[in-house]
Amino acid sequence: MGLSHRSTGVTVFKEEGAKRRGTDYIVALAGNPNTGKSTVFNALTGLNQHTGNWPGKTVLRAEGYYKHQGQEYLLIDLPGTYSLFANSVEEQVARDFICFGNYQVIIVVVDATCLERNLNLALQVLEMTSKVVICVNLLDEAKRKGIKIDLSALSEELGVPVVGTNAREGVGLEQLKTAVKKVASGSIAAEPRKITYDLEIESAISDLLTKIETNSFTHINPRWLALRLLEGEDLLQLGKEAKNPVVTEHNKTKVALLEG
Amino acid sequence: MNAENFKLQNDLRDRIVSTLYFEAETIADKVIKERGKKSNWESKLDNILTSPSWGYLTMLLLLGVIFWITIAGANYPSELLANLFFIIEDKLLAILTAIHAPDWVTGLLVLGLFRTLAWVVSVMLPPMAIFFPMFTLLEDLGYLPRVAFNLDYLFKKCGTHGKQALSMCMGFGCNAAGVISCRIIDSPRERLIAILTNNFVPCNGRFPTLILISSLFLAGVFGSLGVTLVVLAVVLIGIAATLGVSYFLSKTFLKGIPSTFTLELPPFRKPQVGQVVVRSIFDRTIFVLGRAVMVAAPAGLLIWLMANLQVNGVSILSLTANFLDPFARSLGLDGIILMAFILGLPANEIVIPLIFMGYLATGSLIELTGLNEIRQLLITKHGWTWLTAINVMLFSLLHYPCGTTLLTIFKETKSRKWTVLAFVIPTVVGLTVCFLLTQIVGLLNL
Amino acid sequence: MFLSLADTPVGQERHVESLSATGIMRRRLLDLGFVPGAPVSVVRKAPLGDPTAYLIRGAIIALRKEEAAFIQVK
């Protein structure tokens, strides 16, 4: 938001960005802070939300639209977070949306100059859903520093489409929109990389999975749910806020589990 | 099957994150073809910007330079705008005369409403249109986290967070934006302290007040440079007040231990100069014009009415001013000034025009074209001294937030109590400072 | 007894051995990449001596002395 006239004055009360019209697809935008995520957002939607170069800028949840091949996409810019473990309010907001939000695709923006840390978040997202497009941004910065990334190898490793961009200059955006469309319409069958934890954790997960009704979930990965239960997360609270009957049902199972 | 039986709880998160990073490393190793070299010039620059010898100096210099460019650069455009408005005003008067509009209508519309609007726009727009783009460029560059890095030690000593430096910087542009930016502070206690103290840095709306008054009293000594130094000094006082009140709050109402810092210092990025400047200027113009129409014009209207409506032969304006005068004098101000500040609650930028209009007692800005006329009005006719000037500047710095900011604070804190405190705390500080200064100066017969 | 990151001089590189932080602090450090085995180097200190900037996983993160003390290194 930054120092724009929209960020001050009475308009600060209007937190929702564009009003929802009849859209074809809803796309979420996630990523570490400071990956140029908001630049990607601006570039796609043409909205001029100011993007400063310091962490924690996306303090409001921005929404915008873009058209691609005759279809309308609603893009929702989630707060930048280092992970999705709900350590802070921002992470909670992002996590809740990715968990319970109504969307067809999630773009995870990754900083090419800082891949390892960014992959931490990307992998967490991949544990939650398979409807992912990875956007490797700041390629110009990487080039400047002499960093080269094999994007197709990355795509193979992660099991989802990977697009390289330089959002500032508008490079790679068309490919990004295409990838989004492919995932949204289901013409790509993504097989996200499965993360295997140590033996003890894995056996606990499989134990839990036998007790959980796996067919009651929409797009939340049961493995992820099991992991959160093991961590002792109170999904009941989340479920209430999300008004999601699936989760409420699931939490009854959890309660039964813990008592059993 | 009980979750505790797994004995996983305590280090489960550790193991999960370790596994995730192990995977991330594995993938990165396979996928990164060239790791590249560390950029030397960035490191060197950072070393300078945060060094013991240069760090604070560069911050001060940078702030000074930005202020100086804003102040010096705004002069010519302000003149141009003022001339433009005079032309429009003549046309308006011509129309009103042609349709035989009654005097009070002309007074109300042109002398009250239009003049104030014109004044605010020509004085406010140029500095804002210069300051905001520059500040935004600095933001885009990635300099601001370095400021937080440099100042965190001070904020930690005051029991708050280095990120408050960032919301403080935002406050230079607009305090309402500054309050919203406090969201980047995770700890609710520290966020609240940052919100409550944000008003101690002068927003763009108060710059014209500071610039004008220091211009008047420096009488051309050192020109724009002198004015810049005065503004810088006032800002430093504001920062000191921020730290002091933060310290006080964290020891009393908002007690607690300092939270964690963990700030990322992003690499420097070349700002897209053209785009930023154009967008910023356009954006600021909309903002200033919008505020001028919504706040300044009605305020001008109001004071014209107050000056021209009479109760028992005395104008409401005089009544109010006289009522406030004794109290105001104890603060080194006078009834008109205080009234202007009170009426200026909706927006800081209307305080000066309201003062002028109050003094002119006809509720209109008649031909105050140059500094000399203004000096005549303030110093000669209404007895302003250097003390008055300082008190006006101090009170402008240390008083309640403007209407927009208060609304924003209420929205952010969702608490009437804290919003009221946000109003009271700076005001009490301002009243105390002005009072003490005036009394001490009086006692010492300076 | 391992030294902590807070005791590591500027310009040195170490590897994370363990974290003595708990709760939210621990989680935040983990998320930033301070897991056992991770390489971290001390980049520079702030003018007043605190906080200190560290290079971890390709990014520069600033930590206060109290926070860096939670990270044991070797």
Side-chain angles (χ1 to χ4, degrees), chain B residues 10-25 28 32 35-36 38 42-59 142 145-157 161-163 186-187 257-268, chain C residues 2 4-6 9-74:
Chain B
N10 285 340
D11 64 344
L12 181 57
R13 177 63 63 85
D14 279 37
R15 286 147 76 175
I16 290 178
V17 181
S18 289
T19 310
L20 286 172
Y21 265 110
F22 177 72
E23 293 282 317
E25 278 173 20
I32 296 182
R35 294 239 170 214
K38 303 268 191 311
E42 275 194 51
S43 208
K44 288 207 180 95
L45 180 62
D46 245 334
N47 284 338
I48 296 176
L49 293 177
T50 58
S51 73
S53 35
W54 289 104
Y56 279 90
L57 201 59
T58 38
M59 282 197 306
R146 272 82 188 167
V147 174
F149 184 67
N150 287 348
L151 295 176
D152 180 60
Y153 186 76
L154 294 174
F155 281 98
K156 187 176 75 170
K157 286 297 177 203
H161 198 283
K163 283 190 190 169
D186 298 317
S187 146
I257 42 169
S259 73
T260 61
F261 185 59
T262 59
L263 180 74
E264 183 171 351
L265 296 176
F268 292 113
Chain C
F2 288 104
S4 78
L5 201 52
V10 174
Q12 298 285 310
E13 184 175 314
R14 297 277 186 276
H15 290 263
V16 176
E17 169 64 29
S18 61
L19 297 178
S20 55
T22 55
I24 295 272
M25 181 76 231
R26 187 189 192 89
R27 291 169 179 214
R28 174 53 83 90
L29 288 175
L30 287 171
D31 287 338
L32 286 171
F34 289 99
V35 294
V40 51
S41 43
V42 185
V43 180
R44 66 180 69 86
K45 286 193 188 291
L48 294 171
D50 197 40
T52 308
Y54 300 99
L55 180 66
I56 173 109
R57 311 255 180 214
I60 300 189
I61 306 284
L63 296 174
R64 287 176 178 166
K65 211 177 308 197
E66 310 84 76
E67 298 153 10
F70 283 133
I71 305 173
Q72 282 73 46
V73 294
K74 64 174 184 306

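Small disclaimer: the values here were computed from a predicted structure and weren't measured. Order of the sequence lines fixes the chain letters, A, B, ..., with proteins taken first and strands second; residue numbering starts at 1 for each chain.
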Problem - Reported CE-to-OG distance for the pair C/Met25 and C/Ser20, which is rounded to 0.5 angstrom - result: 10.0 Å

Exercise for the section: Working to the nearest 0.5 Å, report the span between NZ of B/Lys156 and CZ of C/Arg64. Expected result: 6.0 Å

Report which part of [X] has an atom under 4.5 Å of a heavy atom belonging to chain B: side chain, backbone, both, or neither.
X       : answer
C/Arg28 : side chain
C/Leu32 : both
C/Thr52 : backbone

Practice task
Carefully, step by step, assess C/Asp50 and C/Glu66 under the rule side chain to side chain contact (heavy atoms under 4.5 Å, CB included).
Solution key: CA-CA 10 Å; C/Asp50 197 40; C/Glu66 310 84 76; 3.9 Å; yes

Practice task
Using the side-chain hydrogen bond (donor to acceptor under 3.5 Å, both in side chains) rule, take B/Thr262 and C/Glu67 through it: C-alpha gap first, then chi angles, then the decisive distance, then the call.
Solution key: CA-CA 8 Å; B/Thr262 59; C/Glu67 298 153 10; 5.4 Å; no

Completion exercise
Ranking B/Leu151, B/Leu20, B/Thr50, B/Leu49 by heavy-atom pairs under 4.5 Å to chain C gives rank one to B/Thr50

Exercise for the section: Tell me, out of B/Trp54, B/Phe22, B/Tyr56, who's got the most heavy-atom pairs with chain C below 4.5 Å. Expected result: B/Tyr56

Practice task
With a 4.5 Å cut-off on heavy-atom pairs, point out which of C/Ala59, C/Ala53, C/Gly58, C/Gly49 contacts chain B the most.
Solution key: C/Ala53

Practice task
For each of C/Ile24, C/Leu29, C/Leu30, C/Leu63, tally heavy-atom pairs with chain B at distances under 4.5 Å, and name the one with the top tally.
Solution key: C/Leu30

Exercise for the section: Using side-chain contact (heavy atoms from CB on, under 4.5 Å) as the criterion, point out the one residue from B/Leu45, B/Leu265, B/Leu263, B/Thr58 that pairs with B/Arg146. Expected result: B/Leu265

Fill in the blank from the handout: In terms of heavy-atom contacts, C/Val43 and C/Tyr54 come closest through CG2-C, 4.0 Å

